[in-house]
Amino acid sequence: MVRPSATRQSHNTEACRGAWTGEEDQKLVQAIELYGPRRWNVVAANAGLNRCGRSCRLRWLNYLRPNIKIGNITDQEEDLILRLHKLLGNRWSLIAGRLPGRTDNEIKNYWNSHLSKKIKLQNQNRVLKMESMHTQPPEIDAVKVLEDNEKATTKVEEESKTTRFIEGDDLFHCADEDPLSLEWMSKFLDLDESWFEFA
DNA sequence: AATTTGCCCAACCGCAGACTC
DNA sequence: GGAGTCTGCGGTTGGGCAAAT
């Protein structure tokens with residue numbers, strides 16, 4: 001569905017640009033206290049900022065809202081992201097919803113800059129290991145290694161697509177919960193992964 | 001010391017579903 | 001019921017910084 005007028009309206013290009021200043025943040029928080037963190041165009045119009053509603057929303061969700069955690073993703077969180085990504089694919093908001101205080105943008109960035117490389121390396125190592133186990137000549141066919149790596153990555157992606165069985169995003173949304181809840185989530189995923197191995 | 005390169009991450013964009021009138 | 005508007009999501013971009021040359 002293409003609605004150019006709507007797109008134009010919600011992208012006031014002159015009013016949406018640039019990094020946020022401390023002063024802008026303050027004004028935004030004050031406006032949200034008055035109008036609530038939902039009516040973004042109302043907030044934007046009344047905050048005294050040269051920003052559009054969606055820019056305000058993004059700033060609030062990613063940096064200003066209470067209980068937000070920025071940076072220092074722990075090993076436990078990283079492990080959880082890896083498992084959830086295996087289950088849910090690139091559904092960053094769903095993954096973020098299961099990591100208290102983390103945002104979809106942060107997880108997406110973390111995945112793109114850290115974890116995707118990590119996974120590629122793991123796949124590469126796995127393929128090399130398999131290669132060495134077979135009776136093929138010792139020299140490695142670099143093209144084949146890359147192809148196999150791609151195949152392995154695609155397989156993981158396909159698996160994640162076919163395993164999106166968790167219906168209802170609010171089912172166990174825990175964005176505002178205690179970080180300790182990561183433990184039960186890990187246990188849940190352990191159970192879940194063993195189920196898939198069994199199946 | 002100056003320049004180039006590569007990486008990270010905050011912010012933007014397009015799309016699509018939900019909502020309102 | 002349909003057009004217009006709002007909101008949320010995921011992909012992408014580009015500025016800033018550190019490391020390498």
Side-chain angles (χ1 to χ4, degrees), chain A residues 1-29 31-32 34-47 49-75 77-78 80-121 124 150 153-154 156-164 166-176:
Chain A
M1 205 195 305
V2 182
R3 283 165 295 185
S5 62
T7 304
R8 242 191 335 264
Q9 196 281 333
S10 57
H11 285 290
N12 183 351
T13 51
E14 292 306 311
C16 279
R17 298 187 166 278
W20 283 72
T21 65
E23 194 188 345
E24 283 181 308
D25 284 345
Q26 261 188 335
K27 284 182 178 176
L28 178 60
V29 170
I32 287 168
L34 280 174
Y35 303 102
R38 283 272 167 183
R39 300 156 63 198
W40 295 112
N41 281 348
V42 177
V43 168
N46 293 282
L49 298 166
N50 195 27
R51 300 276 182 179
C52 62
R54 53 198 336 222
S55 186
C56 293
R57 172 184 168 269
L58 201 69
R59 185 66 186 169
W60 170 257
L61 289 179
N62 288 337
Y63 300 95
L64 301 176
R65 72 181 158 95
N67 306 322
I68 195 134
K69 281 196 275 178
I70 295 170
N72 295 327
I73 289 183
T74 64
D75 291 344
E77 285 175 314
E78 184 181 304
L80 203 48
I81 293 168
L82 284 165
R83 293 174 191 219
L84 285 166
H85 187 270
K86 195 178 171 188
L87 277 172
L88 302 167
N90 292 1
R91 299 171 80 185
W92 306 116
S93 62
L94 271 183
I95 295 172
R98 280 128 187 94
L99 285 147
R102 300 294 183 186
T103 68
D104 56 350
N105 207 35
E106 186 175 24
I107 289 169
K108 181 171 59 183
N109 282 333
Y110 190 72
W111 179 270
N112 288 334
S113 56
H114 297 92
L115 298 182
S116 61
K117 283 179 203 160
K118 211 171 182 175
I119 286 198
K120 253 189 178 162
L121 265 179
Q124 233 152 18
E150 282 299 312
T153 309
T154 309
V156 169
E157 283 168 359
E158 285 303 315
E159 279 171 4
S160 74
K161 279 179 196 164
T162 57
T163 55
R164 290 176 186 173
I166 302 171
E167 298 295 339
D169 293 356
D170 295 331
L171 188 62
F172 56 120
H173 195 286
C174 62
D176 300 323

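Just so it is clear, the model here is predicted, and its values are computed rather than measured. Every chain is numbered from 1, with letters handed out A, B, ... down the list of sequences.
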Of the listed C:dG8, B:dC9, B:dA10, the closest approach to the A:His114 side chain comes from B:dC9
Considering only heavy side-chain atoms of A:Ser113, the closest of B:dC8, C:dT7, B:dA11 is B:dC8
If you compare every side-chain N and O of [X] against the phosphate oxygens of [N] (OP1, OP2), does one of them come in below 4.0 Å?
{"X": "A:Arg57", "N": "C:dC6", "answer": "no"}
{"X": "A:Arg59", "N": "B:dA10", "answer": "no"}
{"X": "A:Tyr63", "N": "B:dA10", "answer": "yes"}
{"X": "A:Trp40", "N": "C:dG8", "answer": "yes"}
{"X": "A:Arg39", "N": "C:dT7", "answer": "no"}

By ring pair (Phe, Tyr, Trp, His ring centres under 6.0 Å), A:Tyr110 pairs with (sequence neighbours left out) A:His114
### Query
Taking the side chain as C-beta and beyond, is there a heavy-atom pair between A:Leu28 and A:Trp20 under 4.5 Å?
yes
Quick test: give all pairs of protein nitrogen or oxygen and nucleotides 10-13 of chain C nitrogen or oxygen below 3.5 Å, distance rounded to 0.1 Å.
{"unit_1": "C:dG10", "atom_1": "OP1", "unit_2": "A:Trp92", "atom_2": "N", "d": "3.4"}
{"unit_1": "C:dG10", "atom_1": "OP2", "unit_2": "A:Trp92", "atom_2": "N", "d": "3.3"}
{"unit_1": "C:dG10", "atom_1": "OP2", "unit_2": "A:Ser93", "atom_2": "N", "d": "2.8"}
{"unit_1": "C:dG10", "atom_1": "OP2", "unit_2": "A:Ser93", "atom_2": "OG", "d": "3.3"}
{"unit_1": "C:dG11", "atom_1": "OP1", "unit_2": "A:Asn90", "atom_2": "ND2", "d": "3.1"}
{"unit_1": "C:dG11", "atom_1": "OP2", "unit_2": "A:Trp92", "atom_2": "NE1", "d": "3.0"}
{"unit_1": "C:dG11", "atom_1": "N7", "unit_2": "A:Lys108", "atom_2": "NZ", "d": "2.7"}
{"unit_1": "C:dG11", "atom_1": "O6", "unit_2": "A:Lys108", "atom_2": "NZ", "d": "2.8"}

Rounded to the nearest 0.5 Å, the CD1 atom of A:Ile107 sits from the CD1 atom of A:Ile95 at a distance of 6.5 Å
Quick one: sort the A:Trp111 and A:His85 rings into parallel, tilted or perpendicular, breaks at 30° and 60°.
-> parallel
Are A:Glu24 and A:Arg59 within salt-bridge range, i.e. N to O under 4.0 Å? no
